[in-house]
Each structure stands twice: as structure tokens, then as C-alpha cells.
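To keep things clear, I will list the structure first and then write my remarks on it.
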There are 2 protein chains.
Amino acid sequence: MEGDVSKKAYFIEKGCIRLWYNNNGKDITFQFFFENEGVSSFESFNTGQPSLFTMEAIEPCVLQWIHKDDFDAVLREEPLIKEDFYKVIAERQMKYMHHFLSFLKDTPKQRYANLLKEKPHIIKRVPLQYIASYLGITPVSLSRIRKII
Amino acid sequence: MEGDVSKKAYFIEKGCIRLWYNNNGKDITFQFFFENEGVSSFESFNTGQPSLFTMEAIEPCVLQWIHKDDFDAVLREEPLIKEDFYKVIAERQMKYMHHFLSFLKDTPKQRYANLLKEKPHIIKRVPLQYIASYLGITPVSLSRIRKII
DNA sequence: GCTGTCAATTAACAATTGTAAAGAAATGTA
DNA sequence: TACATTTCTTTACAATTGTTAATTGACAGC
């Protein structure tokens, strides 16, 4: 929850979660997570600072979770798992980088077309209003784009 | 250099470097780096994959550099340094997240105003054409925004 | 079936941004 | 200084996006 310190990390067995940011009452979707992905308000989970984001299930979910204290203990005691964890972090950073880059180089129309091509499951499973803010546009604008693509 | 595999990481003692992406001949500035910051085409440096980005000095620079092989050896042998390195990575990830978030929640005008407030050194030292693409807009649009702020 | 609620689309208009071209300002070089 | 080159700004117009409000569609509960 926004403002709270995130003490848990989750693994999604079934369902879909969105991470959103409260921008003066208007929520902005930052990321989606699906089956077999790990989720946390990571900046909070990692640093212990209050989270900017709120996690919210947009489908009924089956989750596994681990408390940060236990997680930290595992990282301390299992250097190989720690390695893997850092690799996951690095991979996620790469994905963010590419997603971000698309905001610099592509138009909203191109971003939607890319999403449709690269991650059609998102468009199938997520309400369009969330996809709109994920793409940095309004639902009205997304509707117009969908009409011509 | 774009397409090359990055084998070096740099530390900037003096000067300024920009990291840019070649988008069909038009270059798009992804990030700026200044004194006392580490730079690399990190996604390439980390993964060994060809880089999407090109590093370019936009001021005369004094740099220190380390070859990836030596860097990896240090990380292997000095777990404390490895810890610190991952912390730097995590901090950078946080910064990206905030920068990216501003593309979702702010207008170009607000992004420029934020930059002026939070990182005036960038505006002082970097040619405006690079700042424009860094903000995701054209130089013409940046010029209009500057006129009214 | 009917109704209420929320999501998505459509329409009309305002505001912003992009594009292309021209002009002004700054910088570098002989 | 004079000239060339590059950067930045300005202008005019086209295209896109945001805003507000109305309409349509989907769905749950009665």
C-alpha cells in the first residue's frame, strides 16, 4: 500500500496484479505482473522506505509470499540464491529500460501497436483504462488509437 | 559504441557524458553523467550483449576506466565491494523509476520545470537539443516551453 | 426482463506538440 | 574582422492529444 513500508514479496501462481501510483487522486498504472512472476513494491522492499506504489489484484489471484526478514535471511545464508536474485533485478532493469526508451522514441500509437505485438496477454486480460495510463495516455485517446489499429 | 559489446566502465573525474540511442538515424539522449559518477553502457557491460547505446563526451573529460575482466575479478574477490556495487545499481534503478514515472504523470512542461528545479546543472551544461530528446520532445517544443517558464 | 453501475466509445472543441522553413544568435576559424 | 557553421528561436500550419459530456455496451442484482 502506498505510504506503507513493503515487508513482503509475492510470487504469482495464478492471476494478475497491477502496481499503481497515486498522482493526486488519479491512479497511474506503472506495471503489470502475471503468472510465475515475482512482485513487490520493490523500491520499498529493497530500501525500507515508504512505498510510492500500491499493489492491486485485477483478477482473483493465488499467491505465495515471503516476509522480508525471512527473505533477507535466505540471501545471507545462500549466496547462490543471492546471485540469482541480483540477476532477476538486473533483468527487470533491462525491461524497464526498454519500456522507458519507447516513451522517448515512439508515439502512443506505436507504443500500443508494440504492446499488441509483444504482450497481447496484457491487452486481453487488463481493463483498458489501466492500459491507457500504462501507455501514458488517456482512455479516450487509447480508444481512438484502437479504432484505427 | 552502439552495437559493440561494452568492455569498460568509466568514472568521471571531470566533464560530462551523454548516453544516446540511435533511433533510425535520429539520436535520442537517454541519460547524462557528470563528475564523480560511474558510467557504462551498463546493459551491455552487465550482460555482455551488444549495446543499444553510444557514450559520447559533451565536454572535454578526464576519466578513469576499468576493464570488465578486472572489474569481474574484483567482484569475485571482494564481496564487500560487490555489495556496494549492487547498492549503486539499486539506487540507479530507483532514479530511473522516478524519471520514468514523470513521463507517465507529468506534461513536458512539468518535466522541464522539474529538471530546472532538481538538476539545473544539466540545463546549464548540456546543449538544448540533447535536453529536448531527454525530455521526450522536439527542440522546437522545448524552445516554446522555455519561453513561458 | 428491468434497473443501476461501471467501462468503453464517440463527439466536439481546446490545447499541445510536431514539422518544415526561415531568421537570429552563438561559436569557431581563417 | 569577416565568414562559415552550428545551435536556438520563431513562425505558420498540420496532426495529435486532452477535456468534457453524451452515448453505447456489458454485467450484476433485483
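In the text below, chain A, chain B and the rest are named by the order of the sequence lines, each starting its count at 1. No hydrogens, no waters, no symmetry mates; every other heavy atom, side chains included, goes into these values.
- When heavy atoms are screened at a 4.0 angstrom cut-off, Ser141(A) is found touching the sugar-phosphate backbone but no base atom.
- With rounding to whole Å, Leu128(B) atom CG is found 12 Å from dT27(C) atom P.
- Here dA12(C) presents its P atom at 13 Å from CZ of Arg144(A), a figure rounded to the nearest Å.
- Going from atom CD1 of Ile145(A) over to atom P of dA8(C) covers 15 Å, rounded to whole Å.
- For the OP1/OP2 pair of dT9(C) and a distance below 4.0 Å, the side-chain nitrogens and oxygens of Lys147(A) include no atom meeting the criterion.
- Between the CG atom of Leu142(B) and the P atom of dT19(C) there is a distance of 15 Å, given to the nearest Å.
- The side chain of Thr138(A) places an N or O atom within less than 4.0 Å of a non-bridging phosphate oxygen (OP1 or OP2) of dG18(D).
- The interatomic distance linking Ile149(B) (CD1) with dT9(D) (C1') rounds to 16 Å, in whole Å.
- Within 4.0 Å (heavy atoms only), Ile137(A) reaches sugar-phosphate atoms of the nucleic acid but no base atom.
- Of the charged side-chain nitrogens involved, at least one lies within less than 4.0 Å of a carboxylate oxygen, so that Glu83(B) and Lys82(A) count as a salt-bridged pair.
- Using a 30° and 60° split on the angle between ring planes, His99(A) and Tyr134(A) fall in the parallel class, below 30°.
- Rounded to whole angstrom, the span from the CD atom of Gln129(B) across to the C1' atom of dT27(C) amounts to 13 Å.
- Phe45(A) and Phe71(A) have their aromatic ring centers within a separation under 6.0 angstrom.
- Look at OH on Tyr112(B): it is 8 Å from P on dT9(D), rounded to the nearest Å.
- The pair Lys68(B)-Asp72(B) meets the salt-bridge criterion, since a charged nitrogen lies less than 4.0 angstrom from a carboxylate oxygen.
- For Arg146(B) and dC8(D), the shortest distance from a side-chain N or O to OP1 or OP2 is not below 4.0 Å.
- Listed nucleotides dC8(D), dT10(C), dT19(C) differ in distance to Val140(A); the shortest reach to its side chain belongs to dT10(C).
- For Asp106(A) and dT16(D), the CG to C1' distance is 15 Å, given to the nearest whole Å.
- Among Phe100(B), Phe53(B), Tyr130(B), the single residue meeting the ring-ring contact (aromatic ring centres under 6.0 Å, His included) criterion with Phe30(B) is Phe53(B).
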